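For this chain, numbers begin at 1 and follow the sequence in order. Please read these numbers as outputs of a predicted model, since none were measured by experiment.
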Amino acid sequence: MDPITAARPDRRLVIVVRADPVICGHSGEARNLAEAALQRGFDEVRIVTWPVERLQEAGLPLKPLDGVMPYSPGIVVDRPGPVGDYKVPDGRYLAGLTGRLVELFTDGVPTVAMSLYLSPHATAVADAVAVARRTGLPVDVVTVAEAVGSDVTNVVRECVQEDRFGAAAHVLAQYLSHDVVLAVSQYTRDLVITEAAAIDARHGTRFAEQCRERVAVSYPAIDVGTYLARDEDETDRVLADRGLTRDGYVLFLSRLAHAKGVDDLIDGYVRSGAPAAGRRLVIAGNGPQAAELRAHAARTPVAGLITFLDDVPDDEKGHLMAGCTAFVLPSKPRPEFIETFGIALVEKMLSGGGPVITTVTGGIGEAVGDTAIIVPVDSPDAIAAALDDVLTMDRADRAAWAERAREYALRFDRVVVLDRILDQVAAVRWAPVPV
């Protein structure tokens, strides 16, 4: 028996998500919401997610298991095993996930159940609540579904393009069946409404109208305190262990995928004055384009100055960000992915260090406000020019950029974000029953 289930809880938060060790900002968001919930009096907090072996089989970019930071006491990570055998070719793990949720929802404990990603997590929560209520057992659950963006671009948009009405309707109907309906940015909210409107225009449904009325924006929850409490001596040690020095490198830290624009960054770095000025390019992360990008970097005339790191643990990120000359994330829209916020950018802004250089793809503009150097999409020359501008900044200018960025990023503090979600939960829980 785990320590949480030893006594009946009074107040529970359940978060359904692709959790660690997946390299994804929303994996970190789930961790931050869980930690904030402990501060807000929840005495049982569970992250319900997938077995590690299933994540590995799926080919998702994963952190080294020994680099995943532990959760605070009071947070339990549930990884339900599959239900059924080989005769169930797909859905076995989803059945395990949904079944575990039914168990958590049928003991009468006041529960907030939040899902990040509509497909399949919001669907699993909606199905579990429906089943739990049919059991006749006590159910006291308020559900929260957050669209993070890629669930719309990867699922709903594809359904619209292929005229797969039933699959699109399933995702949107389950999303709207939740008590509180959120989107991770205004860009994502607009995207949901646009795709819903396309379905409505073709099939006569009313999803877009419901989305306009109900979907609210809830930005990702960031662990502001950890970045603000960063120890400068520890930063020096981390950099030294990596063979780096403060202000000695340009940094990219995110997934290595086409949509992140790393190829443009490499080309822009080569064309800039950064190599001649002794600044290395550090590309930290993993992902489907890793081998291709390594080969691309090796063909450049400055290959010896480009370093790839695929083993950065969570507790090193802030230190690497704080020491860089500039942090570059030149994201670009792709059919399979559009940056719907930019969690890594906010983490960088909290950490200090040199300016952020990025595009305004998707929801990035909401993440950085007016505190970043903006370059066009698909423009290595613009990246080179931005890097050259950063190299000419004096210490006072760089400090001013950093302070302004940090001040802006404070609005994404995890406790502030959770409190706003709980305000909406309370409005649902205490809403008068229609007569």
- Task: For K317, check side-chain hydrogen bond (donor to acceptor under 3.5 Å, both in side chains) against everything at least two apart and list the hits.
- Result: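 Partners of K317 by the side-chain hydrogen bond (donor to acceptor under 3.5 Å, both in side chains) criterion, ordered by chain and then number, come out as E347.
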
Are any non-hydrogen side-chain atoms of [X] and [Y] less than 4.5 angstrom apart?
{"X": "D127", "Y": "Q174", "result": "yes"}
{"X": "R31", "Y": "M69", "result": "yes"}
{"X": "F105", "Y": "D140", "result": "no"}
{"X": "L350", "Y": "T226", "result": "no"}
{"X": "E146", "Y": "V184", "result": "yes"}
{"X": "I15", "Y": "V48", "result": "no"}

I'd like to know if [X] pairs up with [Y] as an ion pair, taking the criterion as any Lys NZ or Arg NE/NH1/NH2 lying under 4.0 Å from an Asp or Glu carboxylate oxygen.
{"X": "R206", "Y": "D200", "value": "no"}
{"X": "R12", "Y": "D43", "value": "no"}
{"X": "R414", "Y": "D223", "value": "yes"}
{"X": "R404", "Y": "E407", "value": "no"}
{"X": "K260", "Y": "E339", "value": "yes"}
{"X": "R212", "Y": "E209", "value": "no"}
{"X": "R237", "Y": "D241", "value": "yes"}

So, the side chain of [X] versus the backbone of [Y]: is there a donor-acceptor pair under 3.5 Å, distance only?
{"X": "S72", "Y": "E35", "result": "no"}
{"X": "S272", "Y": "A274", "result": "yes"}
{"X": "T135", "Y": "A132", "result": "yes"}
{"X": "R18", "Y": "L60", "result": "no"}
{"X": "T361", "Y": "S331", "result": "yes"}

- Only pairs at least two apart or in different chains count here, so list each side-chain hydrogen bond (donor to acceptor under 3.5 Å, both in side chains) that has a residue in residues 388-402.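 Every pair satisfying side-chain hydrogen bond (donor to acceptor under 3.5 Å, both in side chains) with a residue in residues 388-402: D247-R398.
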
- Task: Give me the one residue out of D264, D378, V377 that meets side-chain contact (heavy atoms from CB on, under 4.5 Å) with T359.
- Result: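 Among the candidates, only V377 passes.
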
- Determine the sole option in I199, I193, V192, V171 for which the side-chain contact (heavy atoms from CB on, under 4.5 Å) test with F207 is passed.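 So, applying the side-chain contact (heavy atoms from CB on, under 4.5 Å) to F207 and each of I199, I193, V192, V171, only I199 qualifies.
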
- Message: Do R255 and F337 form a cation-pi contact, if we require the NZ or CZ to be under 6.0 Å from the six-membered ring centre and within 45 degrees of the ring's axis?
- Response: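 The answer is yes, since R255 meets both limits relative to F337.
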
- Query: On the ring face of Y249, is R279 found with NZ or CZ under 6.0 Å from the centre and within 45° of the axis?
  - Reply: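 So R279 doesn't make the cation-pi contact.
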
- For the pair T307 and R280, evaluate side chain to side chain donor-acceptor pair (under 3.5 Å) and give the outcome as yes or no after the intermediate values. CA-CA 7 Å; T307 300; R280 302 186 63 83; 2.8 Å; yes

- Query: How far does CD1 of I364 sit from OH of Y187, to the nearest 0.5 angstrom?
  - Reply: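 Answer for the CD1-OH pair, I364 versus Y187, is 10.5 Å.
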
- Can you tell me how far the CD1 atom of I47 sits from the CG atom of L33, to the nearest 0.5 Å?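 Output value for this atom pair is 8.5 Å.
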
- Message: Between R230 and T235, is the side chain to side chain donor-acceptor pair (under 3.5 Å) condition met? List the steps.
- Response: CA-CA 8 Å; R230 180 182 51 80; T235 296; 2.9 Å; yes

- Query: Angle class for the Y219/F341 ring planes (parallel below 30°, perpendicular above 60°, tilted otherwise)?
  - Reply: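 Ring orientation of Y219 relative to F341: tilted.
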
- In this structure, are over 12 heavy atoms from other groups packed under 6.0 Å from R11 atom CZ?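 Buried by this count: over 12 neighbours within 6.0 Å.
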
- Task: Apply side chain to side chain donor-acceptor pair (under 3.5 Å) to the pair Y71 and D20, showing each step before the final yes or no.
- Result: CA-CA 10 Å; Y71 291 85; D20 286 324; 3.3 Å; yes

- Under the side chain to side chain donor-acceptor pair (under 3.5 Å) rule, what do E29 and H26 come out as? Steps first, then yes or no, please. CA-CA 5 Å; E29 180 186 3; H26 300 291; 2.9 Å; yes

- Message: Looking at every non-hydrogen atom in both residues, tell me the closest pair between L265 and P330 and how far apart they are.
- Response: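 Closest heavy-atom pair between L265 and P330: CB-CG, 4.1 Å.
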
- Message: Could you work out, with side chain to side chain contact (heavy atoms under 4.5 Å, CB included) as the rule, every residue matching T194, not counting sequence neighbours?
- Response: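 T194: no side chain to side chain contact (heavy atoms under 4.5 Å, CB included) contacts found.
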
